[in-house]
Amino acid sequence: MDGPVWLTGIFAALMLTVAVYCAGRLAVTRRWRRPTELDTDAGHVLMGAAMAGMLVARLRVLPAATWEAVFAVGAAWFAWQLLKSRRRAPATWRCLHPAPHLLECGAMLYMFLVLPPLTGPAAASGIAGMGASATGSRYSFLALVMGLFMVGYVARTADRLPSGRIADRLPGARTANRLPGGPVAQSNLPARPYLAPRCAALCKIAMGLTMTYMLVLTL
Amino acid sequence: MSQSLAVRDPVGRPAAAHEPVAALDPRRMLQLALGALWLLDGMLQFQPAMFGKGFPQMLAGSAPGNPALVARPISWSAAFIGHHVVVLNAIFAAIQLLLGLGIAWRPTVRLALAGSVLWSLAVWWLGEGLGGVLAGTASPVDGAPGAVVLYGLLAVLLWPADRDPADRAPADRAPADRAPADRAPADREPAAPFVAARAVGRRIAQASWLAVWLGLAVLALLPASRAIGRAIADTTPGEPAWLAWIDTHAASALTRHGLLAAIVLAAAFVIVALGTFLPRRPARAAIILAVVVAAVLWLAQGLGGILTGSATDPNTGPLLALLALAFWPLSAPARSAGET
């Protein structure tokens with residue numbers, strides 16, 4: 001049973017919007033000297049493009065094997081960041097929380113691996129017109145676990161949306177703050193405000209919801 | 001009235017450079033879990049199968065056996081949805097997504113929780129036929145009393161208000177409500193023994209807990225529930241092989257011992273129901289039992305049918321577990337960073 005074409009089109013348009021917006025963030029961050037999580041934004045550009053292509057066949061720009069390699073590298077990157085973050089604070093331009101992005105890369109790999117080859121008339125309708133392969137059915141519990149993680153991540157991101165703590169917590173140029181009557185304390189506040197933290201959070205929410213939708217389609 | 005949330009919106013005050021993000025308080029964590037379940041519901045509603053004839057047929061299937069006053073609106077709404085299934089299903093899914101995001105985003109948590117109550121009551125009637133309770137077909141293994149009514153109950157129990165001022169975060173309390181200076185915060189018992197009691201009070205919370213779990217115990221002993229094996233076997237079509245293997249073997253084992261299984265299940269429900277009246281340590285054991293029973297139910301329900309591609313919600317298992325966590329006996333409050 002195929003879902004409505006307009007529904008996958010909406011999700012694809014949302015992903016393209018996120019990809020274009022995050023590409024814009026990468027373009028202006030240096031010019032405006034406003035820090036951002038470069039690896040997160042780059043990941044969102046790639047994921048947005050890949051997910052749009054999975055949802056609507058006409059938007060595919062790269063073969064599946066290429067995307068698999070891209071997200072395997074992405075997963076390795078965020079896994080390394082996760083390990084490093086346990087020892088010291090991340091650098092200015094790296095994401096604060098690599099775990100959700102690691103899982104996003106893993107989910108992308110999963111979806112590319114379990115879906116049947118994107119060829120033939122059935123492929124033209126995108127992911128909504130396909131069922132998971134036999135292998136995917138065997139590992140569909142993984143999709144459920146990842147989907148549950150994603151909705152939890154979306155909820156937590158939305159919880160923090162109005163607080164502005166996303167800006168507070170982004171590590172930036174180290175500045176020395178002298179606490180009243182106390183020693184000098186190192187601060188990880190950026191010298192300049194974080195680039196549009198609420199929009200960045202909205203991108204994460206949109207990405208998380210769309211990814212959950214796609215994981216549900218693979219069940 | 002303050003929301004008594006540990007992580008407050010700091011728009012009105014600048015955050016210190018060294019100030020870490022405060023931990024979520026238990027009620028907020030449970031609210032976020034509820035919001036996440038609504039988001040999952042919304043995404044399940046977007047599945048391709050929900051845009052076809054199967055969805056209104058499933059809704060219409062909950063009408064038989066109910067009194068006419070209950071059944072006629074169900075049949076009418078199912079027919080109406082059948083004529084406009086694509087648009088209406090998309091609206092239903094969007095509503096559930098908005099409820100989830102509304103609960104997760106603090107400025108709209110009250111509006112979303114109120115909406116959850118209204119939506120869950122409407123769906124419980126028109127979508128689940130009141131869980132089959134009046135039709136005599138309700139069985140805990142089948143999802144009685146209906147997952148959606150538990151959403152509404154949780155929305156009430158997790159309402160962001162505190163019946164007793166002592167339960168509010170210290171910064172939210174009026175000076176007259178703060179603990180005496182000679183009594184250390186660690187020695188002060190929480191006025192609400194568990195999260196669910198914060199908004200509605202202990203008695204109402206315990207009454208709701210009793211209603212749910214004693215109700216499940218009664219349903220477990222009804223004739224419709226004694227065919228536990230058949231109920232579990234009915235969940236296997238469309239499941240992945242590993243889950244179908246578990247459910248098939250469980251079904252065949254329970255088919256021979258249906259009455260015994262029903263009695264054991266009912267006994268477990270009764271023990272859980274009485275748990276909140278016990279001292280803290282045995283109460284915690286009862287809550288753990290509740291979570292285990294919920295997990296077993298969820299397995300018997302085939303994980304709500306989520307892995308078959310035709311589930312509209314995760315069924316009662318996860319919601320009963322979340323409800324149990326709302327009744328976890330609270331310890332004396334720990335000293336927070338902001339307390340003096």
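For clarity, every value in this text was computed on a predicted model and none was experimentally measured. The sequence lines fix the lettering, A, B, ..., with proteins before strands; numbering per chain opens at 1.
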Point to revise | A:M214 CE to B:M43 CE distance, which is reported to the nearest 0.5 Å | key: 11.5 Å
Check your understanding: Counting heavy-atom pairs under 4.5 Å to chain A, which of B:L307, B:L303, B:T308 comes out on top?
Key -> B:L307
Study note, to complete from the structure: The side-chain hydrogen bond (donor to acceptor under 3.5 Å, both in side chains) partners of A:T212 (sequence neighbours excluded) come to none
Exercise for review: For A:Y153, check side-chain hydrogen bond (donor to acceptor under 3.5 Å, both in side chains) against everything at least two apart and list the hits.
Suggested key: none
Review point. To the nearest 0.5 Å, how far apart are CG in B:L24 and CZ in A:R156?
Key: 4.0 Å
Point to revise | Separation between CG of A:D159 and CE of B:M29, rounded to the nearest 0.5 Å | key: 11.0 Å
Point to revise | Closest non-hydrogen atom pair, B:W105 against A:A158 | key: CD1-O, 3.5 Å
Exercise for review: Provide the closest heavy-atom pair for B:L40 versus A:L148 in the form atom of the first, atom of the second, distance.
Suggested key: CD2-CD2, 3.6 Å
Review point. Where do B:V86 and A:P4 come nearest, in terms of heavy atoms and distance?
Key: CG1-CG, 4.2 Å
**Study point:** Per-residue contact mode, A:L209 against chain B (heavy atom under 4.5 angstrom)
**Key:** both
Review point. Would you say the side chain of B:F46 lies within less than 4.5 Å of the side chain of A:V216, judging by non-hydrogen atoms?
Key: no
Study note, to complete from the structure: So, the part of A:F149 with a heavy atom under 4.5 Å from chain B: the answer is neither
Point to revise | Heavy-atom proximity to chain A below 4.5 Å, by part of B:L37 | key: neither
Study note, to complete from the structure: On a heavy-atom basis, the closest approach of B:A104 and A:A155 is CB-O, 3.5 Å
